[in-house]
Amino acid sequence: MRVAVTGAGGRLGTALVAALTGSGSIDEVLAWDLPEHDLDDPESAMRLIGRNRPDVAIHAAAWTDVDGCARDPQLAMRRNGTAAGEMAQACATNGTALIAVSTNEVFDGLRTDGRPYGAADLPSPANAYGAAKLAGERLAREAFWATGDDFAAAALMPPGGRSNTVPPLAIVRTAWLFGPPGADFPAKILAAADRARAKNETLDLVSDEFGCPTYAADLAAAITSMVEFVGKKGRNAVGGIHHVTNGGHASRAEWAREVLRLAGVTVPTRDVPLSAWPRPSTPPLWGVLEPTPLPGGPLRDWQAALAEYATIGPRTKEPPR
Ligand SMILES: NC(=O)c1ccc[n+]([C@@H]2O[C@H](COP(=O)([O-])OP(=O)(O)OC[C@H]3O[C@@H](n4cnc5c(N)ncnc54)[C@H](OP(=O)(O)O)[C@@H]3O)[C@@H](O)[C@H]2O)c1
């Protein structure tokens, strides 16, 4: 099998290329990033997919600067919406199965019943990043099956069942990614803790925003299992919407405290609401996804994944005072 990865130099892309390269079922991994693959170029996807005709493409490239997306929703729509549709069109035309990576931010997070968002729940994004990613999901679905807008259905089936001649589209929604090369939430919390300690201040932690911290390496392994499953069971095996996160959920404050604990950093902390932290983009307050069953079983809990990450970065020991 030949598998292409877009955004190959990003947090997830790097982990994906490593996991796919280590898989015995995959013969070749095509790692695409700027400038070869450009979300701003409408021809980019068709050119690359048409030239290489991979069996599976994993579309991990995105403009992930959520505040940038809020400042320029049109550019967000181009990169995270339209470009995802173009990738899907290129894949559908060339017989390539597509795994399109999406986000918990397709949900507004206003749910108050304490239940996680399932794959069959109706998305309703509350910010420009989420709106563009949802547009990307919809355009991808249209490109593959032109089935209309039946987002109540978890499985992406055309009327009358799944066609054997059409390759599958899988949408993998995830949340709160962390992992190499750093510059992630754990790294930001450790840097903020350093600043607070240097100034003898209390570290403010947002306690009313919830999500599922997810280790990029674990997500990459899960997506690799999906690709291997395609190899073993046939292309239609993985179609549909999948929610893939580490197990459990946390508030930003709980996640931050675990990061500090694992790094052995002590600093006085104070819980604050998200509203105390004004920023251009409004994240979902309740961004918790219900994981869908995976070929390789559920991912471990986020605390175990974070503990493993703490042994390699973003920092393993307390900095000098
Ligand atoms: N990070 C999260 O917490 C999170 C949560 C939910 C879902 N997701 C989704 O997961 C996927 C991977 O996210 P990530 O955290 O790995 O993001 P990331 O580290 O920001 O990586 C994004 C990748 O996309 C590339 N890219 C950015 N702008 C591009 C453009 N105009 N043309 C072509 N490539 C471009 C980047 O290249 P450069 O590095 O060269 O800019 C990078 O390789 C995305 O689909 C994202 O929406 C992420």
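Just so you know, ligand 1 is whichever comes first in the structure, and atom 1 is the first atom listed for that ligand.
When non-hydrogen atoms are compared, ligand 1 lies under 4.0 Å from neither the backbone nor the side chain of W63. By the criterion of a heavy-atom distance under 4.0 Å, the side chain of R79, and not its backbone, is placed next to ligand 1. Residue contacts with ligand 1, taken as heavy atom pairs separated by less than 4.0 Å, involve D33 solely via side-chain atoms from C-beta onward. At a heavy-atom cutoff of 4.0 Å, ligand 1 is contacted by no atom of H59, backbone or side chain. At a 4.0 Å heavy-atom cut-off, ligand 1 does not touch A83 at all.
Ion pairing between a basic and an acidic side chain is recognised when a charged N comes within 4.0 Å of a carboxylate O; D204 and R270 show such pairing. Look at R79 and D40 and you find a salt bridge, because one of the NZ, NE, NH1 or NH2 atoms lies within 4.0 Å of a carboxylate O, short of that distance. Comment: E258 engages R261 in a salt bridge, judged by a side-chain N to carboxylate O separation of less than 4.0 angstrom. For the pair R78 and E86, the salt-bridge criterion is met [side-chain N within less than 4.0 Å of a carboxylate O]. With respect to the salt-bridge test (charged N to carboxylate O, under 4.0 angstrom), the residues D121 and R115 do not qualify.
Taking distance alone, with nitrogen or oxygen atoms compared against 3.5 Å, A62 approaches ligand 1 more closely than that limit. Backbone and side-chain nitrogen or oxygen atoms of T64 are examined, and one is located within less than 3.5 angstrom of a nitrogen or oxygen of ligand 1. The N/O atoms of N104, backbone and side chain alike, include none that comes under 3.5 Å of an N/O atom in ligand 1. For the pair T174 and ligand 1, the shortest N or O to N or O distance does not fall below 3.5 Å. Polar contact check, G13 against ligand 1: no nitrogen or oxygen pair lies under 3.5 Å apart. Close N/O approach between Y129 and ligand 1 is found [any backbone or side-chain N/O within under 3.5 Å]. Of the N or O atoms in A8, none lie within a sub-3.5 Å distance of an N or O in ligand 1.
By heavy-atom distance, the residue among H37, E36, R173 lying nearest atom 33 (C) of ligand 1 is H37. For atom 16 (O) of ligand 1, the candidate residues are D38, L34, L12; the nearest heavy-atom contact is made by L12. In this structure, of G10, A175, S102, A60, the residue bringing a heavy atom nearest to atom 44 (C) of ligand 1 is A60. Taking only non-hydrogen atoms, the option from T6, V101, L39, V106 nearest to atom 30 (C) of ligand 1 is L39.
Side-chain contact check for S44 and H37: no donor-acceptor pair (N or O, by modelled atom type) lies under 3.5 Å.
In summary, the aromatic rings of W176 and W302 are positioned with their centroids too far apart to meet the 6.0 Å limit.
Between the side chain of D271 and the backbone N or O of S207, no donor-acceptor pair lies under 3.5 Å.
Scanning the protein for heavy atoms near atom 15 (O) of ligand 1, the closest one is L177 CD1, 3.7 Å. What sits closest to atom 23 (C) of ligand 1 on the protein, heavy atoms only, is G7 CA, 3.7 Å. In terms of protein heavy-atom proximity, atom 45 (O) of ligand 1 is closest to K133 NZ, 2.8 Å. At the top of the distance list for atom 19 (O) of ligand 1, counting protein heavy atoms only, stands R11 N, 2.9 Å.
For atom 39 (O) of ligand 1, no protein heavy-atom neighbour is found at a distance under 4.0 Å.
Taking 4.5 Å as the limit, some side-chain heavy atom of W255 sits within range of a side-chain heavy atom of L306.
Note that CG of L98 and CD1 of I49 are 8.0 Å apart. Values are rounded to the nearest 0.5 Å. Between atom CZ of residue R47 and atom CG of residue D41 there is a gap of 4.5 Å, rounded to the nearest 0.5 Å.
Note: W286 and F210 have tilted aromatic rings, judged against thresholds of 30 and 60 degrees for the angle between ring planes.
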